Amino acid sequence: MRLLWVELRDYRNHAHTRVDLGHDGIIVVAGPNGEGKTNLLEAMHFLYSLGSPRVSASEHLVRDAADAGYVRGEFETRDGRVLVEVEIRRKGANRVQVDRSTVRRRRDLRRAVRVVLFGPFDLPIVTGDPARRRAFMDEIAVLLQPARDTLTSSYERVLRQRNRLLKEHEGRGAPPELEAWDEQLIQTGTAVIEARAEAVEAIAPPASEAFSAVSGYDMVVRYAPNVPTTDGEVGFRHRLDERRSDELQRRTSLVGPHRDDLDLAVRDLGARSFASHGETWVAALAVRLGLATAVEAAIGEPPVLLVDDPYSALDPTRRDRIAGLLAARPGQVVISVADEADVPAQATAILDVRAGNVIARHEAA
């Protein structure tokens, strides 16, 4: 899978940018910080995700003084070409079209194309709260199987209703409606647990392999469910029974995938607390590379891989090893660099970005 071209209008600091990509290998987006490199990669990812890892509301992606921004791009997949067009409105819902037809469900777009993005905003996967890692596991599950995009939201709706019931109950013992909400929590929660378990199982080996190739020692990637995965709904129900009195006393749900975590361990120590800054950076990149490998295995072709500023936090040895890993990857890899010295020798094209303008500097034969 490759992105043939992308066009931005009134997106961030890009008034009008069109870039022709159209080939595999490493494509480098180069330029000083603050000129629009990350914005360009973010727009490429937006064609898949319809969201940004940097802001919560897409209206912030619209350039100042514009009422709407636009991102268009065409992908080449093994099943044919796919044209994606998104109008990002400052007010109201965005408009999304695939091959000129309106798309109303994100899963329909995500079945057609796959894009994986890494950037400094991924460091909280390693160092942040468990909620960030839970979101990452759900992201993996959807990339591998787009039909699972409603599992977490369905569970969270049930969880909110159950928590409200526990909070508002004033009588002795359990609320009479609690048993019914238990069953819904078990049903929706088990689906989330199964999806996360499969997702982590898919990325763990390639992520560990990528980390080892850069650092020379292992990283363990392991799902840490709040409810054991071996017993399914029976185990979930048993855990609820065990914590019933605690839940009634604390008036909140204490059992379920909303309390899951993802264990990342380096040299037998939790990466969140004990990893160095360089190890944290490599770990975050490694899980993204593992995700790209898992997507390739799931769909039969590599996704478009976008890597924003991969080298800035690393020593020269790790930089060289990451450059080698990226160069060895199949398919299309777009990376951004601020330092000219970080442009890899294997680059097939270099795009200069200055103040939201892009110029193709060089393309290999």
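Computed from a predicted structure; not experimentally measured. Side-chain atoms are counted along with the backbone in the values below, which use heavy atoms only and exclude waters and symmetry mates.
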Ignoring hydrogens and geometry, is there a side-chain-to-backbone donor-acceptor pair from His258 to Ser253 under 3.5 Å? yes

Look only at the side chain of Arg319 and the backbone of Leu314, and say whether a donor-acceptor pair between them is shorter than 3.5 Å. yes

Test salt bridge (charged side-chain N to carboxylate O under 4.0 Å, His left out) applied to Lys91 and Glu59, step by step: CA-CA 7 Å; Lys91 295 182 180 180; Glu59 65 189 55; over 6 Å; no

What is the minimum heavy-atom distance between Val126 and Ala283, and which atoms define it? CG2-CB, 3.9 Å

Taking every heavy atom of Thr150 against every heavy atom of Arg107, the minimum-distance pair comes out as CG2-NH2, 3.3 Å

Any non-hydrogen side-chain atom of Asp352 less than 4.5 Å from a side-chain atom of Val358? no

Could you tell me if the side chain of Phe75 sits less than 4.5 Å from the side chain of Leu4, heavy atoms only? no

Is it the case that more than 12 heavy atoms not belonging to Arg111 sit under 6.0 Å from its CZ atom? yes

Are more than 12 heavy atoms from other residues, nucleotides or ligands located less than 6.0 Å from atom CD of Glu76? yes

Step-by-step side-chain contact (heavy atoms from CB on, under 4.5 Å) determination, Val200 to Leu262: CA-CA 8 Å; Val200 175; Leu262 176 68; 3.8 Å; yes

Is there a side-chain contact (heavy atoms from CB on, under 4.5 Å) between Leu151 and Asp138? Walk through the geometry before answering. CA-CA 9 Å; Leu151 291 185; Asp138 294 337; over 6 Å; no

Just do the salt bridge (charged side-chain N to carboxylate O under 4.0 Å, His left out) check on Asp182 and Arg162 with the steps written out, would you? CA-CA 8 Å; Asp182 284 352; Arg162 189 175 187 272; 2.8 Å; yes

